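Notes follow once the structure below has been shown.
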Amino acid sequence: MFPSKLEQNQLKASIASSYNKLYGQFSAKELQDVGNYKLLKVVGEGSFGKVYLASHRLTHQKVVLKMGSKHDPNVVREVFYHRQFDYVYITRLYEVIVTENNVWMALEYCPGRELYEYLLSKKHISIPECARLFSQIVGAVYYAHSMKCVHRDLKLENILLDKKGQAKLTDFGFTRECATRGILETVCGTTVYMAPELIERKPYEGYKTDMWSLGVILYTMVHGTMPFDEDDEIRTKRRIVVEEPAFDSSLINADGKDLITNLLNKDPQQRLSAKEVLMHPFLHPYGASVLEKTEKIIKRQSNSPKNFNTKLERRLLKKLKQTGFDTQGIKHSVNKRKCDSLSGMWYLLLEKEKRSDQHRHPKRSRSVLSVKKVFDASTMSRKSTEELKKLDPLTKATSLKRIMSMKSDSGSVRQPHNISQSMSTKDKNESEEHVCTGNCQRTPKKPNFFNKMSNFFKNKKQPGAALDNTSTSPKSDGVDKRKHNNISYESRKNSPQRSQTNSGGSPQHKNRNEPQPFQHAVDRVTNGLQLKIEEPMLKKFKSNTSSEMSRQTSLGNYDSEADPRSPPVALRPFDEGKGEIQRQRPNSVLSQHSEMSNDTYNSEYSTDGNLSNSKANSSMSSNANKSSGVMLSPNVESVDSSSFQTRATRRSMSIISSASSTSERSSRTDSFYEISTTSSPKSMDMRTMNAFKHADTASPRMNVGTHWLAKRGRSPVGRRGRLPKRNLTRKLLNHSSSAAQSVIQEEGSFEDDEEKAAALAVPDAEPTLPSAGKESAINSDPPRPVNSMSSPELPAVDRRPILMNMSLSFNTDSNPWSNESTESRSAEAPAPPTDNQDEHLMLGIADDEDNSLET
Ligand SMILES: Nc1ncnc2c1ncn2[C@@H]1O[C@H](COP(=O)(O)OP(=O)(O)OP(=O)(O)O)[C@@H](O)[C@H]1O
């Protein structure tokens, strides 16, 4: 029987509606999904394109999806190195998805955003917090260095804060290995963070330049201003090369000065190593703790591949197997660090499991640890409270970490401020009732546990007797307890009852056959606990100001649910002082105008007509490398405390003027890109890109063969589409110049002087702009999110890093995967295009990849 007319119409309408819906999805301009990830909103914008907050469809875990052009060698470099790193203070790269034109990186989401922005909101960071954050940053650098990799673009913008307020190093676009070549020549980084030897274009040791950048970071964190930063690029460079940093004694202590001075040493050989920095007293107690943890991680990872033998991992594997997953495939992906959909899912699930485990068993894990520590303590050599107090600070720190361990697999030492943030009012009230008063904000439950233990044994000893530490029990008499709570820890620890208990010499103890060692152990641990946790908090209270409190609040808001787009306080203009200075991002504009006078660097950037100016204003420094040609004034300006004021004023002026010159200052044209015929250190578990080749679209697929060779490299428009024309022109000048061709060549391998001279020749030819069609084609590539949010008003100052290659020829010798001679490589290389150096770069990378496939 035929449906009625009405029914037919309804059916038609329903089909049409479904059809239209599907069609709408297909034709939507805005991208909604990438691989297994659902795009939620835009959280940032990098050089490559937008950065999205996304949700993993299977696990509902939040990640950040960062897009890059598949034809950008820096993207390959970033993926290549980033996926090697598995470290708590480095953002995790879960997955890499390769589409027709783009590479998507699924990264650990850091809702705290950049350290740079955090610093803006704070104006400067207190010393204890600096020590904590900086230790984590140095830990990340130490880890990377231990893998024979240098970052080469360390800066505040490349350090993100996760939801716990921990620092995470990111952006490995300029990273390279140093296993095959210790001395590098490629100039790269961001000017204000660049070491003098880079400014002077001397061959440099990558590790040492990283250490310099760390010095700049620390200085800036403490002072809220950069050590060497002028509106004028040339002056900035001159200051980097000849001036010493000026310290504000009201903001930094002697240890801090010492550390920064050692990092900002003009002589690279005199700079501290990452390990030495972690051991520096300024970073106490955080540095030692990070060092210990990092060394454990390095040791563990240097062993064979991950063997999935933690309880959590085994449980997760079992669950996955029961659900029908190919667990062997997962293991393989993880061990090979493929960063495909399987390993991405694995890490996201593992994190989820960890979190729910912590929620399920928070008390048990603490208690188990506590009991263990108590029993361990009973076997410790007996020390009085006073002896414990006199312990070496390092020992204290270690004990602190051990005793206060909240989670056996916690990624980091818990920090007082974090804990205080996460404490509920109830917790805080409870903690006031404990022995350690308000300073003991770590775990209110923990002292309870110890005190209960202590009281239990005391009750056993003295049935019915009043507890000597009444105040320690939350259940004790209210009036006395209040009184006790008002007594400072100092007076409490010196109270007769306490010392009697601690001494273990009480007659009651002597007269009873009680397990005295255990009792002592309990008291020792309890007292040790108080002493150890008090230290950072006292420091904290000392330095607490209203801004400190606001910092805590802001850090406490690092919540994945919080809207990461809401601009932090920092983004509002500061009214006065150093805040204004920081309102601008560290100036990373590469204005290599005239100071790079006689070389490629200069010639490619001398389009602004500043050449004569700077030549007039500067003369060669006596110690400047002749070939580098950095123009330095012999009369170095003396830096004194007043320079802060001067700088602030200058900065203010520049900020006022920045509105008009922002786009110029934010020139993204000022970059060079090197090829890196990087070869992996043999000690590293380097994987070939081959792994990607066989993956399906859901899994990463990195077809490095023909694509790299056939397609154009990074377009200046793609990466710098929003630049004013002038800058674009400058960039294109570089690309079109004959000298630009030299830029693509591998560092450190000038064959002879003639070749070098040829490379440094000033190009005469004017460039041609790309056609509008080309621009629009490139610009139309990046997808838009469904609910794309407008970016907050970020300080519009350039922070683009620079990467420039100084040398000329491919040096295939540096590549252990290569069987070709330099000559044959050169012969095979196609004639370089005239307007885009990136094609050369691609070729370089393609060579690399081919080599890697050969292996
Ligand atoms: N893991 C992350 N979590 C949260 N936000 C992120 C994350 N990664 C990047 N972002 C945001 O995206 C912005 C751009 O990212 P990023 O700096 O890595 O891009 P980029 O292309 O490498 O930029 P550049 O080359 O200029 O340094 C950052 O400023 C940050 O706000």
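Counting from 1, the numbers follow the sequence of the chain as shown. None of the values given here were measured: they were computed from a predicted structure. For ligands, and for the atoms within them, numbers begin at 1 and follow the listed sequence.
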(message) I'd like to check which ligand 1 atoms, numbered from 1 as shown, lie under 4.0 Å from a non-hydrogen atom of E108.
(response) 1 (N), 2 (C), 3 (N)
(message) Please check whether C110 reaches ligand 1 - meaning an N/O of the residue sits under 3.5 Å from an N/O of the ligand, judged on distance alone.
(response) yes
(message) Does this structure show an ion pair linking K66 with E78, if we count only N-O contacts that are shorter than 4.0 Å?
(response) yes
(request) Please state whether E114 comes within less than 4.0 angstrom of ligand 1, counting heavy atoms only. (result) yes
(request) Give a yes or no on whether a salt bridge exists between R132 and E129, defined as a side-chain N under 4.0 angstrom from a carboxylate O. (result) yes
(request) Under 4.0 Å from a heavy atom of V51: give me the atoms of ligand 1 that qualify, with their elements. (result) 9 (C), 10 (N), 12 (O), 14 (C), 15 (O)
(request) Answer with yes or no after comparing the ring centroid distance for Y143 and Y87 against a 6.0 Å cut-off, counting only values under it. (result) yes
(request) Classify the contact between T170 and ligand 1 as side chain, backbone, both or neither, using a heavy-atom distance cut-off of under 4.0 Å. (result) neither
(request) Could you say whether the N/O atoms of E78 and ligand 1 ever approach to under 3.5 Å? (result) no
(message) I'd like to know if the side chain of K70 and the backbone of T99 have a donor-acceptor N/O pair within less than 3.5 Å.
(response) yes
(request) Return yes if some donor-acceptor pair links the side-chain N/O of Q61 with the main-chain N/O of E351 below 3.5 Å, else return no. (result) no
(message) Here's a test for you: under side-chain contact (heavy atoms from CB on, under 4.5 Å), which of L107, L348, L53 qualifies with V63?
(response) L348
(message) Which residue is it: E185, E197, R152? I am looking for the one with a side chain to side chain donor-acceptor pair (under 3.5 Å) to Y204.
(response) R152
(request) Under 4.0 Å, heavy atoms only, figure out whether ligand 1 is touched by the backbone of E157, its side chain, both or neither. (result) neither
(request) Would you please indicate yes or no on a ring centroid separation below 6.0 angstrom for Y37 and Y52? (result) no
(message) Within the structure, is a non-hydrogen atom of D171 found at a distance of less than 4.0 Å from ligand 1?
(response) yes
(request) Give the numbers and elements of all ligand 1 atoms closer than 4.0 Å to a heavy atom of R113. (result) 31 (O)
(request) Identify, by atom number and element, the atoms of ligand 1 in contact range of E45, meaning under 4.0 Å from any of its heavy atoms. (result) 13 (C), 14 (C)
(request) Give the atoms of ligand 1, by number and element, whose distance to some non-hydrogen atom of G46 is under 4.0 Å. (result) 14 (C), 19 (O), 20 (P), 21 (O), 23 (O)
